[in-house]
S.K.: 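Got a structure for you, questions after.
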Amino acid sequence: MRAATLAGAAALALPALHAAPAVTALPALRRRLLPGLHGLGTPGRVALTFDDGPDPESTGHVLDVLAAHRVRATFFVLGAMLARHPALGRRVAGDGHEIAVHGWTHDNLLLRGPARTVSDLTRTYDLVTDVTGRPPRFLRPPYGVLTTAALVAARRLRLRPVLWSCWGRDWTATATADTVARTVLTGLDAGGTILLHDSSRTAAPGAWRAGLAALPRVLAECRRRGWQVGPLAGHGLRALTRERAAEPTA
């Protein structure tokens with residue numbers, strides 16, 4: 001009886017253990033306790049990131065705006081998208097941008113088993129390395145939801161998980177250039193990380209146009225505030241936890 005009770009408790013504990021890191025999806029909690037995961041870096045600098053590409057409908061337009069403003073960014077790609085459009089991925093890297101891991105598909109990792117999670121993140125990592133010629137350094141899971149398996153994979157692959165400190169809500173059907181710019185700039189502080197999207201394949205159709213139209217205004221306001229805009233590499237991300245704030249950062 002005792003063995004059966006312990007087995008039942010273990011069965012209940014395993015899903016809870018798998019899901020426990022998902023609590024970091026709460027912005028207020030991670031900002032206070034996990035500044036590095038929140039994307040907080042060097043004051044006077046802002047990291048610009050895009051999720052969900054590469055997408056032949058939209059990514060090229062984003063690259064053109066970034067080139068016109070002489071700004072580089074980090075693109076968190078989906079492996080399935082990169083597999084279909086490797087030439088576009090090479091263009092992103094060739095333009096000097098950083099490519100990082102978002103996942104193979106845009107599935108919530110809470111719905112993925114541990115083995116499948118590790119496999120999917122590993123093959124995305126391998127594909128990014130093959131396409132760009134360099135291994136990625138960062139991981140951002142879909143919806144910002146981490147799991148224990150995702151953290152295990154990140155450790156094995158030497159990927160640093162990074163979420164964001166502000167976003168533009170540029171995936172919604174009601175998004176406009178004005179709402180995206182206003183939402184980003186309202187939540188943005190020095191040292192923050194911006195989340196936008198260079199694809200709407202997992203969002204409202206055509207929503208990427210609102211983010212694209214807002215981008216010049218966001219970049220101009222960052223310049224006005226005296227903030228340098230760039231990729232996560234070189235952002236001087238703070239320690240993963242407040243307790244480790246005195247340690248060197250990656």
Side-chain angles (χ1 to χ4, degrees), residues 13-52 73-77 98-103 106-112 114 117-118 120-121 124-125 135-169 171 183-197 227-250:
L14 285 175
L17 178 63
H18 179 64
V23 70
T24 60
L26 300 172
L29 181 145
R30 68 172 184 263
R31 180 184 181 90
R32 185 172 73 253
L33 300 178
L34 301 162
L37 181 63
H38 197 59
L40 297 181
T42 304
R45 193 178 188 282
V46 167
L48 178 61
T49 69
F50 296 88
D51 285 6
D52 295 357
T74 299
F75 287 77
F76 284 90
V77 302
E98 179 177 47
I99 297 186
V101 172
H102 197 31
H106 204 273
D107 294 329
N108 189 321
L109 295 185
L110 285 175
L111 306 178
R112 292 291 229 207
T117 295
V118 172
D120 284 358
L121 294 180
T124 304
Y125 173 97
R137 296 177 55 189
F138 300 102
L139 165 68
R140 173 182 291 158
Y143 308 105
V145 176
L146 283 164
T147 62
T148 298
L151 293 177
V152 168
R155 185 177 182 85
R156 289 181 182 175
L157 299 170
R158 298 185 179 180
L159 292 171
R160 179 165 182 171
V162 181
L163 300 185
W164 58 85
S165 63
C166 69
W167 58 15
R169 297 189 65 83
W171 63 89
T183 303
V184 168
L185 295 172
T186 297
L188 184 60
D189 294 315
T193 292
I194 299 170
L195 165 61
L196 293 172
H197 295 80
W227 299 338
Q228 178 187 4
V229 180
L232 284 169
H235 190 44
L237 287 169
R238 300 182 193 178
L240 288 176
T241 64
R242 190 171 294 280
E243 291 75 12
R244 293 169 53 195
E247 297 182 9
T249 58

S.K.: What's the shortest heavy-atom distance between Gly44 and Ala190, and which atoms?
M.R.: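 Shortest heavy-atom separation between Gly44 and Ala190 comes out as N-CB, 3.8 Å.
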S.K.: So how far is it from Leu37 CG to Leu146 CG, rounded to the nearest 0.5 Å?
M.R.: 6.0 Å
S.K.: Do any pairs count as a ring-ring contact (aromatic ring centres under 6.0 Å, His included) and have a residue in residues 28-49, sequence neighbours left out, and if so which ones?
M.R.: none
S.K.: Identify the residue among Thr124, Leu121, Asp51, Leu139 that makes a side chain to side chain contact (heavy atoms under 4.5 Å, CB included) with His102.
M.R.: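 Only match with His102 under side chain to side chain contact (heavy atoms under 4.5 Å, CB included): Asp51.
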S.K.: Set out, in order, the CA-CA distance, both residues' side-chain angles and the distance that settles side-chain contact (heavy atoms from CB on, under 4.5 Å) for Leu157 and Arg155, then state yes or no.
M.R.: CA-CA 5 Å; Leu157 299 170; Arg155 185 177 182 85; over 6 Å; no
S.K.: What are the two closest non-hydrogen atoms of Gly144 and Leu163, and how far apart are they?
M.R.: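 In terms of heavy atoms, the two residues are closest at O-CD1, 3.6 Å.
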S.K.: Kindly say whether Thr183 contributes a backbone atom to a donor-acceptor pair with the side chain of Thr186 at under 3.5 angstrom?
M.R.: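 Judged by distance alone, no pair lies under 3.5 Å.
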S.K.: Using the ring pair (Phe, Tyr, Trp, His ring centres under 6.0 Å) criterion, which residues pair with Tyr125? Sequence neighbours excluded.
M.R.: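 With sequence neighbours excluded, Tyr125 shows a ring pair (Phe, Tyr, Trp, His ring centres under 6.0 Å) to no residue whatsoever.
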S.K.: Does Thr148 use its side chain to pair, donor to acceptor, with the backbone of Leu17 at less than 3.5 Å?
M.R.: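 A pair under 3.5 Å: yes.
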S.K.: Run the salt bridge (charged side-chain N to carboxylate O under 4.0 Å, His left out) test against Asp120 and tell me which residues pass, sequence neighbours left out.
M.R.: Arg112, Arg116, Arg123
S.K.: Work out which heavy atom in Gly192 is nearest to a heavy atom in Leu40; give both atom names and the distance.
M.R.: CA-CD2, 4.2 Å
S.K.: Could you list the residues that satisfy side chain to side chain donor-acceptor pair (under 3.5 Å) with Thr49, not counting sequence neighbours?
M.R.: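 Counting only residues at least two positions away or on another chain, Thr49 forms a side chain to side chain donor-acceptor pair (under 3.5 Å) with Arg140.
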S.K.: Only counting residues at least two apart or in another chain, list the ones meeting side chain to side chain contact (heavy atoms under 4.5 Å, CB included) with Ala73.
M.R.: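 Listed in chain order: Leu48, Phe50, Leu66, Phe75, His97.
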S.K.: What residues form a side chain to side chain contact (heavy atoms under 4.5 Å, CB included) with Asp189, not counting sequence neighbours?
M.R.: Arg31
S.K.: What class does the angle between the rings of Trp164 and Trp167 fall in, given that below 30° is parallel, 30 to 60° is tilted and above 60° is perpendicular?
M.R.: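 Answer is parallel, since the angle falls under 30°.
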S.K.: Given 3.5 Å as the limit, does a donor-acceptor pair link the side chain of Arg160 with the main chain of Phe138, or not?
M.R.: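 Not a single qualifying donor-acceptor pair exists.
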S.K.: Considering all heavy atoms of both residues, which atom of Arg137 and which atom of Ala233 are nearest to each other, and what is their separation?
M.R.: NH1-CB, 3.6 Å
S.K.: For Arg30 and Ala25, indicate whether the former's side chain and the latter's backbone hold a donor-acceptor pair under 3.5 Å.
M.R.: yes
S.K.: Who are the salt bridge (charged side-chain N to carboxylate O under 4.0 Å, His left out) partners of Asp52, not counting sequence neighbours?
M.R.: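 Expected list: none.
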S.K.: Measuring only between side-chain heavy atoms, which start at C-beta, is Leu159 closer than 4.5 Å to Val101?
M.R.: yes
S.K.: Restricting to side chain to side chain contact (heavy atoms under 4.5 Å, CB included), what partner residues turn up for Pro231, sequence neighbours left out?
M.R.: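 For Pro231 the side chain to side chain contact (heavy atoms under 4.5 Å, CB included) partners, ignoring immediate neighbours, are Arg45, Arg72, Thr74, Glu98.
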S.K.: Would Thr193 and Leu232 count as a side-chain contact (heavy atoms from CB on, under 4.5 Å) if you check the C-alpha gap in whole Å, the side-chain angles of each, and the deciding distance to 0.1 Å?
M.R.: CA-CA 8 Å; Thr193 292; Leu232 284 169; 3.9 Å; yes
S.K.: Between CD1 of Ile99 and CZ of Phe76, what distance do you get to the nearest 0.5 Å?
M.R.: 11.5 Å
S.K.: I need the Thr147 OG1 to Leu109 CG distance, nearest 0.5 Å.
M.R.: 5.0 Å
S.K.: Leu188: what forms a side chain to side chain contact (heavy atoms under 4.5 Å, CB included) with it, not counting sequence neighbours?
M.R.: Val46, Cys166, Leu185, Ile194, Cys222, Trp227
